[in-house]
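The chains referred to below are lettered A, B, ... by the order of the sequence lines, with proteins before strands, and numbering in each begins at 1. Fair warning: this is a prediction, and the values are worked out from it, not measured in the lab.
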Protein chains: 2
Amino acid sequence: MISDYQSFTADLQLSKEDICRELYRQNTDMIRVKKEATAIRSLARIIDSTLRLANTKGFHAMTLRDLCADSELSMGGLYAYIRNKDDLIHLIQTHGFILTRRTLLHYTGAVTMPREKLYEAIKAHLFLSELMRAWFYFSYMEAKSLPEDEKQRAITMEREIEGIFCGILEAGISNGDYRSDNPRLLSSLIKALLQDWYLKRRKYRDQQVDIDTYATTILNLIENHLIP
Amino acid sequence: MISDYQSFTADLQLSKEDICRELYRQNTDMIRVKKEATAIRSLARIIDSTLRLANTKGFHAMTLRDLCADSELSMGGLYAYIRNKDDLIHLIQTHGFILTRRTLLHYTGAVTMPREKLYEAIKAHLFLSELMRAWFYFSYMEAKSLPEDEKQRAITMEREIEGIFCGILEAGISNGDYRSDNPRLLSSLIKALLQDWYLKRRKYRDQQVDIDTYATTILNLIENHLIP
DNA sequence: GTCTATAGCATGATAGAC
DNA sequence: GTCTATCATGCTATAGAC
């Protein structure tokens, strides 16, 4: 169970290194660097820089020269890790998918009561998107210009997440916690609210709304609607 | 007062031509075509094509050759209307601002009771974004890569809209219609829900949720929260 | 007022030295 | 394993014919 954002951050051994190791091993075909240690270090830098630059000017507007400058690699060096610009997208998306799937399932799997579970799912998604804001932002903003296979992967992931929320609402309706309503529509609305947190992060910072307040506000909004 | 989407569409004389005429007259410095009638016709085509292409592949990825092909102008012809690619953004943004401001003020100005006014504002925004979906989508997605002055204009417009909703909620709280709460945060959440309608249009089409249902769902969500 | 042709430049990608 | 140097492409923007 998650108590608040502080404890979540401590809990989740974010260990970017672990994920980069997995990334490296999954992509030995396109990565031509054989020494794992250096490869992992470079991959982390490449992903980091790409996310930063792409989120500022857009992925297409970001040139590979920009990326090389920011990640402190040469053009030749970069091309040891990717075959072309689209491979960058693949690396980044895979990296985010692994972490998101792992985290959401872990935290919602630990609870069974619908109301409690809804709160856990909201917090897990929100907190994760806070920690990985750059990835969530990238993934949302570049979705429309992804290569076709990546687009499909992204849609599947989206459905999976909305399915989690929808399942919780359905369970709550059938066990009488919630009144009868359209769970699919409501889970879409919850998702929209969760997304606004990382899409319009600055707005909430200006309003001095903190993440725990945001989580409870969403929960209250939904519960006041579903519990007469 | 707006009754439903059908009547709204009929009401609003969308007359793109009127707006293009205004656009033309406001931008005689950069438009080198002197015959108003042809200029207006071309402007409408240019804006239309730009929105379509930019929303598919992104504004930066859209080349001016793409645009010329789609709008049936030559490169030289196009450059009679703009000085550079950024001028396209200016045209499009101005065009949307004029229409949005005009519509929202018109429909919310006609009502005074907060609860009624909230419903009108939700409908006006939602219906407008449905009619002008391409513009709203463009404006949201390209916001981060706008030239600095355009970015400021966009932020001002955003604030104006959120201010309208916030004002309504505050009025409702102080006249006792709503219980006391954080109106600024709530108006941000309302905005997020309104945005999801045009950002994820396909999702709601797949769910077979129509626009009038969406409007009442948002209203109910907020009222169930604010009216105990 | 609109066209075709082209200048000038920045980009993605590669070859080959170290 | 990483670098510098270079190629081919495709872009924005303009010049000049009609």
Side-chain angles (χ1 to χ4, degrees), chain A residues 20-21 23-25 27-46 49-50 53-54 56-92 142 145-147, chain B residues 20-21 23-25 27-46 49-50 53-54 56-92 142 145-147:
Chain A
C20 283
R21 177 169 301 114
L23 257 189
Y24 172 68
R25 293 183 182 167
N27 293 285
T28 41
D29 48 334
M30 77 188 194
I31 300 175
R32 292 194 309 278
V33 176
K34 292 297 161 209
K35 229 164 77 184
E36 192 173 85
T38 51
I40 289 173
R41 204 165 357 99
S42 297
L43 275 177
R45 280 218 307 269
I46 291 170
S49 294
T50 306
L53 295 170
T56 313
K57 15 164 69 184
F59 180 74
H60 192 270
M62 173 200 78
T63 71
L64 295 184
R65 285 178 174 73
D66 292 341
L67 178 57
C68 288
D70 198 271
S71 64
E72 291 173 303
L73 275 158
S74 63
M75 285 294 272
L78 177 64
Y79 270 86
Y81 294 92
I82 56 170
R83 289 162 303 188
N84 53 54
K85 210 178 166 188
D86 277 356
D87 277 352
L88 272 175
I89 294 179
H90 181 76
L91 282 178
I92 286 174
E142 302 297 338
S145 29
L146 295 181
Chain B
C20 284
R21 176 171 301 111
L23 257 190
Y24 172 70
R25 292 181 183 168
N27 294 284
T28 42
D29 48 335
M30 77 187 194
I31 299 174
R32 292 194 310 276
V33 176
K34 294 297 159 209
K35 229 164 77 185
E36 191 172 87
T38 52
I40 289 172
R41 203 162 2 96
S42 296
L43 275 177
R45 279 218 308 270
I46 290 171
S49 294
T50 305
L53 294 170
T56 312
K57 15 165 67 184
F59 180 74
H60 192 271
M62 173 199 78
T63 72
L64 296 183
R65 290 192 215 313
D66 292 342
L67 178 56
C68 287
D70 198 271
S71 63
E72 291 173 303
L73 275 157
S74 63
M75 286 294 273
L78 176 64
Y79 270 88
Y81 294 93
I82 56 171
R83 289 162 305 188
N84 53 52
K85 211 179 164 187
D86 277 357
D87 277 352
L88 272 176
I89 294 180
H90 181 77
L91 282 177
I92 287 175
E142 303 296 339
S145 29
L146 258 32

How many whole angstroms separate atom [atom1] of [X] from atom [atom2] of [N]?
| X | N | atom1 | atom2 | answer |
| --- | --- | --- | --- | --- |
| Glu72(A) | dC3(D) | CD | P | 10 Å |
| Asn84(A) | dT14(C) | CG | P | 8 Å |
| Lys57(A) | dA10(C) | NZ | P | 13 Å |
| Met75(B) | dC3(C) | CE | C1' | 12 Å |
| Met62(B) | dG10(D) | CE | C1' | 15 Å |
| His60(A) | dA10(C) | NE2 | C1' | 13 Å |
| Leu73(B) | dT12(D) | CG | C1' | 16 Å |
| Leu78(A) | dC3(D) | CG | P | 10 Å |

To the side chain of [X], which of [options] is closest?
| X | options | value |
| --- | --- | --- |
| Lys34(A) | dG12(C), dG1(D), dA13(D) | dG1(D) |
| Lys85(A) | dG12(C), dC3(C), dT12(D) | dG12(C) |
| Ser74(A) | dG1(D), dT4(C), dT4(D) | dT4(D) |

Under 4.0 Å: is that the gap between some side-chain N or O of [X] and OP1 or OP2 of [N]?
| X | N | answer |
| --- | --- | --- |
| Arg65(B) | dG10(D) | no |
| Tyr81(A) | dG1(D) | no |
| Tyr79(B) | dA15(D) | no |

Which atom of [X] lies closest to which atom of [Y], heavy atoms considered:
| X | Y | result |
| --- | --- | --- |
| Met62(B) | Leu88(B) | CE-CD1, 4.1 Å |
| Thr38(B) | Tyr81(B) | O-OH, 3.8 Å |
| Ala54(A) | Glu142(A) | O-OE2, 4.1 Å |

First locate atom CG of Leu43(A), then atom CD of Glu36(A), and finally report the distance between them rounded to the nearest 0.5 Å. 10.0 Å

Considering only heavy atoms from C-beta outward, does the side chain of Ile89(B) approach that of Pro147(B) to under 4.5 Å? yes

Residue whose closest nucleotide on DNA chain C lies nearer the 5' end, Asp86(A) versus Arg32(B): Arg32(B)

